[in-house]
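Data block below; observations after.
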2 protein chains.
Amino acid sequence: MSTKYEEILVVTYRLFAEVGIEKTSMSRIAKELGISKPAIYYYFPSKGALINTLFDFLMKEIQFQNFFNQEEYTPHNIRQKLIVDGHAMIKQQAADPHYEKVMSEYYALSAKETKFAIELKHVLHIYLEGFTRLLELAVAADLIDRKDVHLRAQFLTLIVDGLDKYTDKEYNVDPSEIWTFAVHSALKN
Amino acid sequence: MSTKYEEILVVTYRLFAEVGIEKTSMSRIAKELGISKPAIYYYFPSKGALINTLFDFLMKEIQFQNFFNQEEYTPHNIRQKLIVDGHAMIKQQAADPHYEKVMSEYYALSAKETKFAIELKHVLHIYLEGFTRLLELAVAADLIDRKDVHLRAQFLTLIVDGLDKYTDKEYNVDPSEIWTFAVHSALKN
DNA sequence: GTCTATAAAGCGATAGAC
DNA sequence: GTCTATCGCTTTATAGAC
């Protein structure tokens, strides 16, 4: 059973994907829920609060640590674990039909609202650091050179960042295959 | 000397990047140009027309053929030419300070306006076909297997698509280096 | 071609009753 | 907690004068 607070967030999330953040009006959210506009204001002080709450939720969802747990990585298993964890990430994001569009909305919003830009950049930076640390295990295993770590961490970050765009489309290539190829490329000397 | 028609488009393009498409009002455009709102309606029948005109312009700008000219490619020069053409593309897109943000705006808009979604997908599809044809030259040169062409064309398309995100930020890695690495990866057996 | 003035609609948000 | 009613503002777009 879900609370009204949660119901509002769920409907708003869907509308942000379908209609866009700016064009999603409080009236529209109320209408879809079968309640009145002031009822939403009882739970959220403003539309901005609704936008911020969903953004914070999303940022937690996409954190590096949710998909790649550094503690489980060893110089021995790094290749296979990178591949498997990436596949799990792709699968999870594909399971949410609104994910890509809502992210795209927030990305556009970040052009005008510094707060979002800073946070999105931060999340990307953590991916960069995370992949850097994982790739250093590959250095220890003599798979790659230390000097190549930085560039290849950037490379993997870019791929991860771009993969969701290819997730819900019928490009007759599984994004998982691209990820697998990218991991092999990143670990090739 | 530029016409008023062009002046309107230039200012609107900048505002789309700085303020966002939806939050850019006709009044704001008029104000920045030092003219009145109805004056804009003399040149463009609606705000939608303004949005469409700039979109069409942008789609022509980012076409595959503008950056990768298939006729100049041979099995011999493919590696070097892919790298050089990619660098030129990165340089050109970085030269336009509004490019990334406006593209991001249209990408968000494509979530609700099918017209844009279809066109963006089409442009991506042409990249896919283009890289496929170029990589077939690499097959002829025995650089890679035919069976790998499709996946690697997808791979290069994803990279190209994602690179502009890294263009205007201080990630202390040149996106050109990522592209170079990607090309070498795509041409490795 | 460009203006002032304004119509018509929708927005976020609030007051106050229940 | 949820409602009806409404305020104040901004939006796209147009009418009509110059």
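All chains are named by letter (A, B, ...) in the order of the sequence lines, taking the proteins before the strands, and each is independently numbered beginning at 1. FYI, side chains are in, hydrogens and waters are out, and symmetry mates aren't considered; it's all heavy atoms of this structure.
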| request: Taking only the side-chain nitrogens and oxygens of B:S36, find out if one of them lies under 4.0 Å from OP1 or OP2 of C:dT2. | output: no
| At under 4.0 Å, does any side-chain N or O of A:Y42 touch on OP1 or OP2 of D:dT2? | no
Anything under 3.5 Å between a protein N or O and an N or O of nucleotides 13-17 of chain D, put it in a table, one pair a line.
| residue | atom | partner | partner atom | Å |
| --- | --- | --- | --- | --- |
| D:dA13 | OP2 | B:Y41 | OH | 3.0 |
| D:dA13 | OP2 | B:K47 | N | 2.9 |
| D:dA13 | N6 | B:K37 | NZ | 2.9 |

Rounded off to whole Å, could you give me the [atom1]-to-[atom2] distance for the [X] and [N] pair?
X: A:I8; N: D:dG1; atom1: CD1; atom2: C1'; answer: 11 Å
X: A:L33; N: D:dT2; atom1: CG; atom2: P; answer: 10 Å
X: A:E7; N: D:dG1; atom1: CD; atom2: C1'; answer: 13 Å
X: B:K23; N: D:dC9; atom1: NZ; atom2: P; answer: 18 Å
X: A:I21; N: C:dG12; atom1: CD1; atom2: C1'; answer: 16 Å
X: B:K31; N: D:dT10; atom1: NZ; atom2: P; answer: 11 Å
X: B:L50; N: D:dT12; atom1: CG; atom2: P; answer: 10 Å
X: A:I35; N: C:dC18; atom1: CD1; atom2: P; answer: 21 Å

Show the atom names and distances, to 0.1 Å, of all donor-acceptor pairs under 3.5 Å that link a side chain in residues 49-57 of chain A to residues at least two apart or in another chain.
| residue | atom | partner | partner atom | Å |
| --- | --- | --- | --- | --- |
| A:N52 | ND2 | A:G48 | O | 3.3 |
| A:T53 | OG1 | A:A49 | O | 2.7 |

| request: Indicate yes or no for a side-chain donor-acceptor contact from B:E113 to the backbone of B:S110 under 3.5 Å, with no hydrogens or angles considered. | output: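 Pair absent, no side-chain N/O of B:E113 close to backbone of B:S110.
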| request: Could you tell me whether the side chain of A:N69 and the main chain of A:E71 form a donor-acceptor pair under 3.5 Å? | output: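 Yes, the answer is positive, given that a donor and an acceptor are paired below the 3.5 Å cut-off.
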Give every donor-acceptor pair under 3.5 Å between a side-chain atom in residues 80-89 of chain B and any protein atom, sequence neighbours left out.
| residue | atom | partner | partner atom | Å |
| --- | --- | --- | --- | --- |
| B:K81 | NZ | B:E72 | OE1 | 3.0 |
| B:K81 | NZ | B:D85 | OD1 | 3.4 |
| B:D85 | OD2 | B:Y73 | OH | 2.7 |
| B:H87 | NE2 | B:S176 | O | 3.2 |
| B:H87 | NE2 | B:T180 | OG1 | 2.9 |

Partners of [X] by side chain to side chain contact (heavy atoms under 4.5 Å, CB included), sequence neighbours excluded?
X: A:A108; value: B:S104, B:E105, B:A108
X: A:P38; value: A:S36
X: A:E32; value: A:V11, A:R14, A:L15, A:R28
X: B:A111; value: A:K101

| request: Please work out which residues in residues 9-18 of chain B have a non-hydrogen atom less than 4.0 Å from an atom of DNA chain D and list them by number. | output: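 When residues 9-18 of chain B is checked for heavy atoms under 4.0 Å from DNA chain D, there are no hits whatsoever.
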| ring pair (Phe, Tyr, Trp, His ring centres under 6.0 Å) involving A:F68 - partner list, sequence neighbours excluded | A:F64, A:F131
